[in-house]
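In what follows, residues are counted from 1 in the order of the sequence shown.
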Amino acid sequence: SEMCIRDRGQPMNPSQLPATIGELTDNALRSLAGIAEIVSSPCIAKTCVPFAEFKWADHLRGQISAGNMPHWQSITQTDNFTVVAGYVNTQEFQTVVHSTSATKLPGYLQPSQPAPPPPDCPWNATSCNL
């Protein structure tokens, strides 16, 4: 079957997902993408695309490997929401999420483009029909 999501850079089948969200292991880059959707000035729009945070996490992982997120390296998984939300507002992160390499990601916003209201998503979260 087609791999449509990645976890920590590795392809993942929807059948590999845990049965409940409570069983999903934490991933700092997925959390970062999710926080970027809910801060007071979101730089990633919420979408109805299943597993959008997985796609953003994979992109962010590549940006870290390319050396484009050096300040993120100083943030740990034990840092609280306020610290991570503060990073979302940095020029470093804004440059990464508004880069041309991110334009095809779900929820991509142009620089200074306000996020639309969150959509009412009717899809099944276990589906991979993108």
### Message
Apply side-chain contact (heavy atoms from CB on, under 4.5 Å) to residues Lys46 and Ile38 and explain how you reach the verdict.
### Response
CA-CA 8 Å; Lys46 284 193 167 289; Ile38 63 170; 3.7 Å; yes
### Message
If we ignore hydrogens and angles and just use 3.5 Å, is the side chain of Trp56 paired with the main-chain N or O of Phe51 as donor and acceptor?
### Response
no
### Query
If you take all heavy atoms of Leu60 and Met69, which pair is closest and at what distance?
O-SD, 3.8 Å
### Ala57 to Asn27 - nearest heavy-atom pair and separation
CB-OD1, 4.2 Å
## Note on the structure
Closest non-hydrogen contact found for Ala45 with Glu37 is O-OE2, 3.8 Å
### Summary
Closest heavy-atom pair, Ala52 versus Thr47, reported as atoms and distance to 0.1 Å, is CB-OG1, 4.0 Å
### Query
When rounded to the nearest 0.5 angstrom, what is the spacing between CZ in Arg61 and CZ in Arg30?
9.0 Å
### Message
Please give me the minimum heavy-atom distance between Ala102 and His59, naming the atom from each residue.
### Response
CB-NE2, 3.7 Å
### Message
Taking the side chain as everything from C-beta on, heavy atoms only, tell me whether Leu29 gets closer than 4.5 Å to Ile64.
### Response
yes
### Task
May I ask you to check whether Gln94 and Thr90 show a side-chain donor-acceptor distance below 3.5 Å?
no
### Query
How about Trp72 and Phe93: are their ring centres within less than 6.0 Å of each other?
no
### Query
With no hydrogens and no angle check, is any side-chain donor or acceptor of His98 less than 3.5 Å from a backbone partner on Leu109?
yes
### Query
Is there a path from Val96 to Ile75 through hydrophobic residues (I, L, V, M, F, W, Y) whose side chains come within less than 4.5 Å of each other?
yes
### Query
Can you check side-chain contact (heavy atoms from CB on, under 4.5 Å) on Leu32 and Val88, steps first, answer last?
CA-CA 8 Å; Leu32 177 59; Val88 165; 3.7 Å; yes
#### Entry: Minimum heavy-atom distance Pro70-Gly67, with the two atoms named
CD-O, 3.6 Å
